Structures are given as structure tokens and as C-alpha cells.
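In the text below, chain A, chain B and the rest are named by the order of the sequence lines, each starting its count at 1. Note that this is a predicted model, so its numbers are computed, not measured.
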Number of protein chains: 2
Amino acid sequence: MTPGGRPLAFEPDAALDAAVVTFWRHGYEAAGMAELTQAMNISRPALYRAFGDKAQLFRAALDRYIALNMGYVEDALEKPTSREVAEAFLTGNAKAVTTPGRPPGCLSVQAMVTDEADAFSQLAENRRVIQTRLADRFRRGIQEGDLPSDEDAEELARFMITLTTGFAIRATDGESQDALLALARRSLAIFSAPNSNSPRTEGMTHD
Amino acid sequence: MTPGGRPLAFEPDAALDAAVVTFWRHGYEAAGMAELTQAMNISRPALYRAFGDKAQLFRAALDRYIALNMGYVEDALEKPTSREVAEAFLTGNAKAVTTPGRPPGCLSVQAMVTDEADAFSQLAENRRVIQTRLADRFRRGIQEGDLPSDEDAEELARFMITLTTGFAIRATDGESQDALLALARRSLAIFSAPNSNSPRTEGMTHD
DNA sequence: CTAGTTACGTACCGATCGATACGAAACCTG
DNA sequence: CAGGTTTCGTATCGATCGGTACGTAACTAG
């Protein structure tokens with residue numbers, strides 16, 4: 001059984017890595033099959049046999065991208081305090097989107113601009129999972145007392161995601177890692193000021 | 001002289017508005033000529049006669065988009081204090097990227113994800129102009145004393161642009177206007193905390 | 001009217017898109 | 001070896017891409 005047949009002439013993981021880079025650089029639609037096959041150094045039919053169609057290839061590439069390039073999320077979530085979680089999340093992202101030798105920005109953001117419902121929903125789901133885990137972590141922080149009791153965990157998570165999304169686009173626009181790290185650091189000011197649920201004691205915001 | 005000839009059968013500005021919406025929704029490359037001509041309700045040759053090629057049409061659409069949908073930038077820059085400038089800029093953007101009846105997000109961000117060097121450089125230039133004007137305004141704020149003397153005007157401007165870029169993507173992801181407005185308000189916490197140039201930035205959590 | 005000018009849109013261009021048919025080649029089993 | 005299985009890549013598919021040639025229609029000037 002399992003007679004074997006002709007063996008593969010390429011390393012699937014290595015080819016997938018090349019696909020990751022291509023999608024990372026160009027997004028989903030702008031990454032053509034011609035460029036993908038050239039980057040992966042395999043023929044077009046070989047790509048379809050190994051990975052299915054373009055949407056399935058993207059799915060596989062996204063999974064590998066997350067596994068290889070978004071480890072900072074897990075690391076951040078394990079930090080002892082909410083502030084350290086936020087700091088690790090933001091600085092980890094700032095570094096990930098400006099890593100020398102890799103495309104600037106974030107595959108998940110580059111490919112968000114697409115009509116393809118498949119790719120879009122996968123990316124939105126990935127974002128939502130991270131945002132939920134951050135919110136859960138901040139909720140724990142409220143319970144443990146390292147965040148004010150009237151803090152809005154969802155809003156804080158939304159703030160984090162919004163910042164990292166911005167980091168990704170800024171990186172593709174050529175922003176330096178140092179500049180993004182400085183922004184990450186200063187963004188933590190949100191932990192040192194009254195939140196939106198606090199009563200308007202200090203006359204800081206006047207709508 | 002100038003005998004006239006056959007008159008135009010469509011309103012150029014109305015057609016351009018339709019092009020704006022199409023680029024806004026899909027970005028530069030994903031907006032096909034077929035969809036553009038259908039949205040603009042003119043034939044393909046009519047489009048090329050009136051606007052040149054796709055790149056020129058995009059340029060015209062971008063100019064019109066800026067004129068009609070980015071007025072909040074000018075409004076913000078005229079505010080009396082740096083903090084009010086920032087608040088108006090952020091809230092104005094939050095509203096602009098979630099205006100009912102218009103596509104969510106920002107044309108300038110949607111179209112940033114593209115290989116087309118023409119479109120990309122135009123958008124990058126637009127961003128750079130706004131960022132520079134913000135930085136200039138914040139520099140004035142430092143001179144006038146409404147910002148600390150050790151504040152980094154460039155960094156503050158970078159922070160603003162990064163946030164609004166994030167707002168735009170979050171909007172396309174379905175975030176509500178209220179949620180973005182809350183983020184805009186809370187982002188102003190950066191004005192109430194020591195900046196990165198102050199000695200000993202770390203370890204100042206309130207506890 | 002005729003001549004000149006400009007815009008009209010059908011029909012089409014070559015190039016590229018994602019995706020495949022198909023015969024040859026490389027492996028295993030017996 | 002023969003028979004079965006799997007991958008190989010050339011050559012090609014129809015659809016769509018951005019862009020245009022060209023004959024016709026609508027206007028003005030004389």
C-alpha cells in the first residue's frame with residue numbers, strides 16, 4: 001500500500017515561505033500566480049497540485065506567517081501586568097513590521113485591502129481573535145488591580161489593534177524601527193491618564 | 001475659431017465623484033476600468049478622452065477626494081492650541097472614515113497597498129504634506145508654550161498620522177464611529193504624560 | 001446647405017489573469 | 001521487466017486587464 005509514486009521535487013515549506021513573502025509584499029490580489037510561481041521556484045501546475053487554488057495557498061501562507069512572525073503576541077500576553085502586555089505587544093509589533101530582511105509591514109494588513117471575501121474574512125478573523133485575547137487579558141488586569149476598575153478592556157484592546165495596524169502601514173511607507181518603537185513607548189501614556197469612563201473631573205476634554 | 005463641436009454628454013465632476021467612490025472602495029488596482037465606467041455611467045473611450053489613462057484618473061480622483069473629504073485637516077490646523085489641533089484632527093478623521101453614505105475608511109489608505117509606483121508616491125506625498133504641517137503646527141505650539149519645551153514635534157505628528165491610518169483600516173473592518181471617536185479622545189492622553197525625551201520615562205505608573 | 005470640430009460608443013487590440021489538459025518522467029510493488 | 005501511482009512541466013484554456021481604432025452623431029461657423 002501507498003506505492004509512493006514520483007517524489008516531490010521541491011520543499012513545500014520553503015516554497016510556502018516564498019509565497020508568504022510574496023503575499024506580504026503585494027497583498028492578495030496584486031500577488032499574481034506568475035510572480036508566486038517564480039518566487040516559489042516551481043511550475044504553475046506544481047503549485048496547484050501542492051496547495052490547491054490561490055485562496056487555499058493564501059490560507060496556508062497566512063497560517064505560516066502567523067506561526068513564524070506573530071509570536072510576539074503570545075509572548076506579550078504572558079507578561080505579568082497589563083501595561084507590560086501592552087508594551088510587549090506594541091514593541092513586538094513595531095519590530096516585526098520593520099525586521100531587516102523581511103518585507104516591511106504586516107501581511108494581515110497588506111492583504112486587508114481586497115475584494116476577495118475569503119481572504120478578507122480570514123484576516124478579519126485573525127484580527128478579532130487577537131483583539132479578544134487582549135481584551136480578556138486586560139479584563140484580568142482589572143480584576144487583579146493593575147488597571148483601574150472603571151477601565152474599558154475592550155476599548156483598550158481596540159486601541160492596541162488600531163496602533164499596530166497603523167504601525168504596519170507606516171512601516172510600508174518607510175518609517176524606521178526606531179520611530180515606531182518611540183511611538184509604541186509613548187502610546188503607553190494611555191495607562192497614565194484617566195480613561196473615557198472616568199467622570200470629567202479634570203477639565204481636559206470638552207466635547 | 002473654437003467652433004465648439006459636439007457637447008459632452010455627462011457631467012465631468014459627477015463622473016469623477018463616482019470614480020472617487022470606486023477607488024475609495026477598492027483601492028487603485030482592484031478598481032477595474034469596467035467597474036469605473038459603469039459607476040461613472042460613461043463609455044470606456046469617453047473616460048479616456050475626459051481623464052486620460054487610469055493613473056491620471058486616479059490623480060484627479062485623489063485631488064477631488066482631498067478637496068471634498070479632508071477639510072477636517074485644515075480645520076484642525078487652525079485650532080488655537082496643539083491639543084485642540086490634535087483633538088480636531090483625530091475626531092475629524094474618525095468621523096470622515098465612518099461617514100454614513102460613503103465608503104468606510106480612507107481612499108489614501110485603501111490605495112496605499114499597490115504596486116503602482118505612481119499612485120503610491122502620490123499618496124505618500126499627500127501623507128507627508130499633512131504630517132509636515134502637523135509637525136510645523138506642533139513646533140509652533142512648543143514656541144508658544146502649549147507644549148513642553150522638550151516635546152518632539154515630529155514624533156507627535158508621526159503619532160497622529162499613525163493613529164488616523166489605523167482608524168482608516170479599522171473603519172474598513174467595520175468599526176463604529178463611536179468606537180473610533182472614543183479612541184481619538186483617549187489618544188490625547190499623550191499630551192498628559194512625559195514624552196520620550198524626558199529623563200526617566202519608565203516606571204512612572206501611578207499604582 | 002457644407003466644412004470643420006469634437007464627443008459618441010461598438011468592437012476590438014495585445015497582455016495578463018487564475019486555472020488545467022495531457023503526455024512524459026520518476027518512484028514503488030511484485 | 002510490467003503495472004500502478006504520483007509528480008513533472010509544456011502548452012493552452014476562457015476571462016479579464018488597461019487601452020484604442022474607427023465610423024457615426026451632434027454641435028458651430030460661414
Discussion item. If we ignore hydrogens and angles and just use 3.5 Å, is the side chain of B:K79 paired with the main-chain N or O of B:F89 as donor and acceptor?
Written reply: no
Worksheet item: What does B:A30 touch in the nucleic acid at a heavy-atom separation under 4.0 angstrom: a base, only the sugar-phosphate, or nothing?
Response: nothing
Discussion item. If you assign B:P7 and B:A34 each to the DNA chain D nucleotide with the nearest heavy atom, which residue ends up on the more 5' nucleotide?
Written reply: B:A34
Worksheet item: Whole Å only: how far is the CZ atom of A:R6 from the C1' atom of C:dA24?
Response: 8 Å
Worksheet entry | Length of the line joining B:R49:CZ and C:dT6:P, which is rounded to integer Å | 13 Å
Practice prompt. Starting from P on D:dT16, measure out to CD on B:Q38 and report it in whole angstrom.
Written response: 13 Å
Worksheet item: Nearest-Å distance, CG (A:L8) to P (C:dA25)?
Response: 19 Å
Item to complete: Please state how far atom CZ in A:R44 lies from atom C1' in C:dA21, giving the value in whole angstrom units.
Response: 15 Å
Fill in: Greater than 12 external heavy atoms within 6.0 Å of A:E11's CD
no
Practice prompt. Please state how far atom CG in A:N41 lies from atom C1' in D:dC8, giving the value in whole angstrom units.
Written response: 14 Å
Discussion item. Apply side-chain contact (heavy atoms from CB on, under 4.5 Å) to residues A:R102 and A:W24 and explain how you reach the verdict.
Written reply: CA-CA 9 Å; A:R102 297 173 202 246; A:W24 196 343; 3.9 Å; yes
Worksheet item: What nucleic acid atoms does A:A55 come within less than 4.0 Å of, heavy atoms only: base, sugar-phosphate, or nothing?
Response: nothing
Worksheet item: Whole-Å distance between C:dA15 P and B:D53 CG?
Response: 18 Å
Discussion item. Mind checking if B:P45 touches a base, just sugar-phosphate, or nothing, with heavy atoms under 4.0 Å?
Written reply: base
Worksheet item: At under 4.0 Å, does any side-chain N or O of A:Y48 touch on OP1 or OP2 of C:dA19?
Response: yes
Worksheet item: So with a 6.0 Å cut-off around CD of A:Q38, is the heavy-atom count from everything else above 12?
Response: no
Worksheet entry | Distance in angstrom units between A:M33 CE and D:dC13 C1', rounded | 15 Å
